[in-house]
Amino acid sequence: MPNQNGTVYGLTILSPIIDDERATPSHDLKIREYLATLPTGEESPFAIAPGTHLARLVVMDDVIYVGAPSCEEHLRSKYLVFESNCDSDMESYLRGLAASVPQHLDAIWSHCVGYPGAANVQAFLDYMTSCQIETTFFFAAVNNKSVTETLTALQTQRAVADFIACHQGMKSEQLQKEFAEFMRMLKAAPVPRPGGQAPRRDIKTGGRNE
């Protein structure tokens, strides 16, 4: 079913960016500048908001002509592209965003045509729904596990890999003792925080369609 892959919802939203020749800097540049300042990892707005498997924001300047047999086409405006794989459904997820990080939503989408703000939740939901396009391709590697379940599985996978790497060649009797202690500690470990296991990557800000 489009937009849904198991229990994971795929959200794709294209919002036209305001084109105002008098604006200095331009609205698309203001979005780029703000996105470049957003924290990543556990402090990311999308890690704070509930249910996000992954999220990406991109300023799309235009579509690229790749040659025949395709036709050369161009966008009428620049667009803010928001892609997310999330738990539950679109409405629940967007309500969670509006409740958790409204200041970030307003700072970004206020540069888009017709954006009503996150304070009026119903107007916010209506706006995002009007900008939604169908999602048919998902980035999430699992489709029947929540964010918490997925993070716990990743934590276990990494811990087991580290245990194996650190216990090569150990005698079986000692290995059994070490493994029993390892399992005790793993079961007692706190649930990982969203964003805490994400790899650190530089944020690109200067290229086309970033």
Side-chain angles (χ1 to χ4, degrees), residues 1-18 27-28 30-64 66 75-102 104-115 118 124-147 150-151 154 194-195 197-210:
M1 181 172 65
N3 303 323
Q4 194 78 41
N5 185 25
T7 60
V8 176
Y9 190 88
L11 180 61
T12 304
I13 291 175
L14 270 67
S15 304
I17 299 172
I18 298 169
H27 287 278
D28 65 292
K30 289 179 181 178
I31 293 176
R32 294 181 198 271
E33 289 177 340
Y34 191 82
L35 293 181
T37 68
L38 283 181
T40 58
E42 293 182 3
E43 301 305 318
S44 166
F46 298 101
I48 295 171
T52 306
H53 285 268
L54 61 88
R56 186 184 186 195
L57 285 159
V58 178
V59 173
M60 184 167 64
D61 296 313
D62 203 351
V63 292
I64 299 174
V66 295
L75 300 175
R76 295 182 179 180
S77 69
K78 297 180 180 181
Y79 280 82
L80 173 65
V81 182
F82 174 48
E83 300 170 305
S84 177
N85 286 177
C86 56
D87 288 339
S88 189
D89 56 75
M90 177 181 176
E91 180 173 338
S92 298
Y93 179 64
L94 291 177
R95 285 185 181 276
L97 287 178
S100 303
V101 290
H104 292 297
L105 298 176
D106 290 348
I108 297 168
W109 267 273
S110 62
H111 301 289
C112 295
V113 176
Y115 177 69
F124 171 74
L125 292 174
D126 292 342
Y127 172 81
M128 290 299 193
T129 300
S130 70
C131 294
Q132 183 187 19
I133 64 172
E134 186 177 284
T135 299
T136 57
F137 183 81
F138 290 75
F139 290 96
V142 293
N143 65 354
N144 284 305
K145 301 296 181 183
S146 67
V147 171
T150 301
L151 289 173
L154 288 172
Q197 300 188 60
R200 301 292 178 175
R201 294 188 176 93
D202 293 334
I203 299 175
K204 298 189 292 182
T205 59
R208 185 179 181 86
N209 289 351
E210 291 180 355

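Keep in mind that what you see is a predicted model, and the values were worked out from it rather than measured.
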message = Quick check for you: to the nearest 0.5 Å, what is the distance between L80 atom CG and R32 atom CZ?
response = 10.5 Å

request  = Looking only at non-hydrogen atoms, find the nearest pair between N85 and G10 and report the distance.
outcome  = ND2-CA, 3.9 Å

ask   = Rounded to the nearest 0.5 Å, how far apart are CE of M90 and CG of N3?
value = 8.5 Å

key: Contacts of type ring pair (Phe, Tyr, Trp, His ring centres under 6.0 Å), residue Y9, not counting sequence neighbours   = none

note = S92 meets the side-chain hydrogen bond (donor to acceptor under 3.5 Å, both in side chains) criterion, sequence neighbours left out, with D89

note = From the list V113, D61, V59, side-chain contact (heavy atoms from CB on, under 4.5 Å) partner of I17 resolves to V59

task = To the nearest 0.5 angstrom, please state how far the CD atom of Q4 sits from the OG atom of S88.
result = 8.5 Å

inquiry  = Please report the interatomic distance CD(E91) to CG(L125), rounded to the nearest 0.5 Å.
reply    = 5.5 Å

inquiry  = I'd like to check the side-chain hydrogen bond (donor to acceptor under 3.5 Å, both in side chains) partners of K78; sequence neighbours left out, ordered by chain and number.
reply    = D28

inquiry  = Using side-chain heavy atoms (C-beta onward) and a distance below 4.5 Å, is F124 in contact with P102?
reply    = no

task = Report the residues that fulfil side chain to side chain contact (heavy atoms under 4.5 Å, CB included) with V81, sequence neighbours left out, ordered by chain and then residue number.
result = L14, V58, M60, E83

query = About how many Å separate OG of S110 and CD1 of I31, when rounded to the nearest 0.5 Å?
reply = 7.5 Å

Residues which pass side-chain hydrogen bond (donor to acceptor under 3.5 Å, both in side chains) with E43, listed by chain and number, not counting sequence neighbours = none

task = I would like to know whether F46 and L57 meet side-chain contact (heavy atoms from CB on, under 4.5 Å); could you show each step before the answer?
result = CA-CA 11 Å; F46 298 101; L57 285 159; 3.9 Å; yes

ask   = How about T12 and E134: do any of their side-chain heavy atoms sit closer than 4.5 Å?
value = no

ask   = Ring centroid separation for F82 and W109, is it under 6.0 angstrom?
value = yes

inquiry  = Looking at every heavy atom in both I48 and E42, which two are closest together, and how far apart are they?
reply    = CG1-O, 4.1 Å

Distance-minimising heavy-atom pair for L105 and A118 = CD1-CB, 4.2 Å

message = What's the separation between atom OG1 in T37 and atom NE2 in H104, rounded to the nearest 0.5 Å?
response = 8.5 Å

task = For residues P16 and S77, report the shortest heavy-atom separation together with the two atoms involved.
result = CB-OG, 3.7 Å

message = Taking side-chain hydrogen bond (donor to acceptor under 3.5 Å, both in side chains) as the definition, give me every residue that meets it alongside Y93, ordered by chain and number, with sequence neighbours left out.
response = T52, S84

